[in-house]
Participant: 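Got a structure here, written out as structure tokens. Questions coming.
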Amino acid sequence: MGNLILGQYCPGTSVVHRTDPRIKLFLVIFYLALVFVAPGFSGLAVVTAFTCLIIFFAKIPFRTILNSIKPLLFIVIITALINLFFVHSGEAVVDWMFFTITTGSIYMAIFLSWRLALLLFGMSLLTLTTSPIDLTDGAEHLMRPFERIGFPAHEFAMMMGIALRFLPVFMDEAAKIKKAQEARGADFESGNFITRGKSIIPILVPLFVSAFRHADELAMAMESRCYHGGVGRTRMHVLAIKNHDYAAIAVFAVALACLIVMRVVGL
Amino acid sequence: MPITFDHVTYSYPSSCEPALRDISFTIEDGEFLGIIGHTGSGKSTLIQHINGLLLPSKGSVLVDGMDIASNRVARRDTRRKVGLVFQYPEYQLFADTVKADVGFGPRNLGLGEEEIITRVRQALARVGLSYEECAEKSPFDFSGGQRRRIALAGILAMQPSVLVLDEPMAGLDPRGRENIMRFICSLHEEGMTIVMVSHNMEDVAVHATRVITLKKGEILMQGTPREVFSHPKELRDVGLGVPLATAFATELNECGFALPAGIFTLEELADAVAAELGGVVS
Ligand SMILES: Nc1ncnc2c1ncn2[C@@H]1O[C@H](COP(=O)(O)OP(=O)(O)O)[C@@H](O)[C@H]1O
Ligand SMILES: [Mg+2]
């Protein structure tokens, strides 16, 4: 297996793993609210502590989480840099050629990248602790109300699940194909923008061909097991909300309440 | 151009357990080196070190005495001289014509258009395909076995002096396997150095001049096929076997026969048994 990436499941039996996927999806939205309600650094510190608590309960090594969001860290860095150089408020700290860094811009850079990092942690915690099957199941349930207006909730959830399942496969395959073309003297590192763009064709074409092959085989395998979409399909594991799910909701509600109070009081 | 592995250890960045551990051996010019080992024993990882696609975490790979990890020029030269055929090479075809795909390697070498066409023509002929019939067709219009031959031609067109193949016969029917095996042997007879990873003990026993056995990233045994396959128990312990004829000869010897060591094919077995019983040897 290649690197753990965002969207990859890290199996376990912790209470976070066992939480009902519907509740978990709902709590992720709750978590977004937490991050956005948090006023200033003190609020973010509270959310960070809260996130660490979840990580502790999930029994996932901190390094694993860090690895899983590594590919997206550049977004955090870019956000920080943009804010650092383009926000102008407060006193100037550095003023050199066209670089102006102000106290306000430093504050914004830290605040926004902190916020974004927390969001990434939250998302990654969801996918690390929820198997693609559970995730799809949960998503299907949450989307079910829209079936009344003709939205194909089951099919949509199934596609999402398959995409998640095959993401690591394609990452592996892309790496393999890249090596094979390098063995034929292909050069992916040098050249200008256009030659580099062109040099990616020998990777993309075989990757697409293999995607279609996988799709074909998967469709055949599903059909040979009588899969025919969502209508009339029963489940092996029926989702049921248990006590620890209620507890999880309660914990999140308390956290949100704290943050709202902090905001109102103006801490 | 001898290629020497000097205490090579390699771990993939994403795992702590090393995939290769303290590997030392030399690939001599003109030899046919067979590499066998259970799935996950590190065969594919090993061969990617031969042309510097992977670089050792510890130790070094020396080509003509130069370390290809530290010497960029040596690494480039090695990539040109070592043709690496990955497992299922047909999945790496990408161009819209066979000509363009087989010509991809030579083009990357910076050759002229005419030279490229000559090489494509030669390479296709070499794998038993006609340039006139195939050149302008899409590689995706061919059968699985033919696609593999096109992919092989793509490597041959670079005119390597060492050919490394990772399970070149996987997933082919018996005739396809035989064709590829015969083809690899003829390349070897013409003087090309061959390194072949295979799960087929018979092929390795009969054709290889030397065999390396891997076990969990370490070299378990190396030597001539005769030496290696005279340890059936050790081989079975790591999930490998010996050629059918060898196993049969061993059993006969346990029942009182005195057959010589190094019997790998049915013909050799029949001859040995006939000689033992005082019959006619073909
Ligand atoms: N890209 C990779 N990332 C991480 N580990 C890998 C990768 N490729 C192979 N491995 C691991 O390295 C070991 C050797 O694999 P490999 O060289 O493919 O074995 P073989 O070709 O003998 O089947 C295995 O344990 C495998 O899980
Ligand atoms: Mg392999």
Side-chain angles (χ1 to χ4, degrees), chain A residues 1-10 61 63-71 128 166-191 195-217, chain B residues 12-16 40 44-45 47-48 50-54 72 75-96 100-111 138-140 144 147 151-160 162-166:
Chain A
M1 268 291 145
N3 283 317
L4 275 180
I5 46 164
L6 197 72
Q8 196 153 339
Y9 174 51
C10 176
R63 260 191 58 184
T64 310
I65 304 183
L66 219 49
N67 271 337
S68 79
I69 62 170
K70 216 192 270 165
L128 281 169
F166 275 98
L167 211 57
V169 174
F170 286 126
M171 301 281 282
D172 270 4
E173 220 143 284
K176 243 184 230 161
I177 295 168
K178 175 162 181 259
K179 273 190 193 156
Q181 308 299 24
E182 270 176 336
R184 291 211 269 167
D187 184 1
F188 301 107
E189 263 93 53
S190 54
T195 47
R196 270 207 206 187
K198 264 193 190 158
S199 76
I200 213 162
I201 293 175
I203 299 180
L204 276 190
V205 174
L207 199 59
F208 270 92
V209 171
S210 108
F212 283 117
R213 195 179 61 243
H214 278 301
D216 241 8
E217 286 168 2
Chain B
Y12 282 98
S14 56
S15 70
C16 17
S44 304
T45 311
I47 60 168
Q48 288 173 49
I50 299 178
N51 68 350
L53 274 178
L54 295 178
R72 275 187 79 104
R75 186 152 81 229
R76 254 182 68 152
D77 271 3
T78 311
R79 289 256 169 100
R80 291 173 176 209
K81 286 183 198 146
V82 178
L84 182 51
V85 183
F86 278 85
Q87 204 172 358
Y88 298 110
E90 60 273 26
Y91 292 156
Q92 283 113 41
L93 299 174
F94 71 94
D96 46 0
D101 208 293
V102 176
F104 181 65
R107 186 158 284 123
N108 287 330
L109 293 181
L111 300 173
S138 159
F140 299 102
R147 268 190 240 172
L152 269 171
I155 303 288
L156 289 183
M158 298 177 74
Q159 302 190 339
V162 180
L163 188 64
V164 184
L165 304 114
D166 195 351

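Note: hydrogens, waters and symmetry copies are ignored here, and every other heavy atom, side chains too, is used. Quick note on labels: first sequence line is chain A, next is B, and so on, each numbered from 1.
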Participant: Is atom CZ of A:Phe208 surrounded by more than 12 heavy atoms (other residues, nucleotides or ligands) closer than 6.0 Å?
Facilitator: no

Participant: Shortest non-hydrogen contact from B:Phe104 to A:Ala186?
Facilitator: CZ-CB, 3.7 Å

Participant: Say you draw a straight line from CG of A:Asp187 to CZ of B:Arg79; how long is it, rounded to the nearest 0.5 Å?
Facilitator: 9.0 Å

Participant: Looking at A:Arg213, I'd like to know if its CZ atom is crowded, meaning that more than 12 non-hydrogen atoms belonging to other residues, nucleotides or ligands lie closer than 6.0 Å.
Facilitator: yes

Participant: With distance as the sole test, does B:Gln92 use its side chain to make a donor-acceptor pair with the main-chain N or O of A:Pro206 at under 3.5 Å?
Facilitator: no

Participant: First locate atom CG of A:Leu204, then atom CZ of B:Phe94, and finally report the distance between them rounded to the nearest 0.5 Å.
Facilitator: 11.5 Å

Participant: Below 4.5 Å from any heavy atom of chain A, which atoms of B:Leu93 appear? Answer side chain, backbone, both or neither.
Facilitator: backbone

Participant: Which pair of heavy atoms, one from A:Ala183 and one from B:Asn51, lies closest together, and at what distance?
Facilitator: CB-ND2, 4.1 Å

Participant: Is it true that B:Asp101 and A:Arg184 have a side-chain N and a carboxylate O under 4.0 angstrom from each other?
Facilitator: yes

Participant: Would you call A:Lys179 and B:Leu54 a side-chain contact if the rule is heavy atoms closer than 4.5 Å?
Facilitator: yes

Participant: What part of B:Gln87 lies closer than 4.5 angstrom to a heavy atom of chain A: side chain, backbone, both or neither?
Facilitator: neither

Participant: Heavy-atom distance under 4.5 Å to chain A: side chain of B:Tyr91, backbone, both or neither?
Facilitator: both

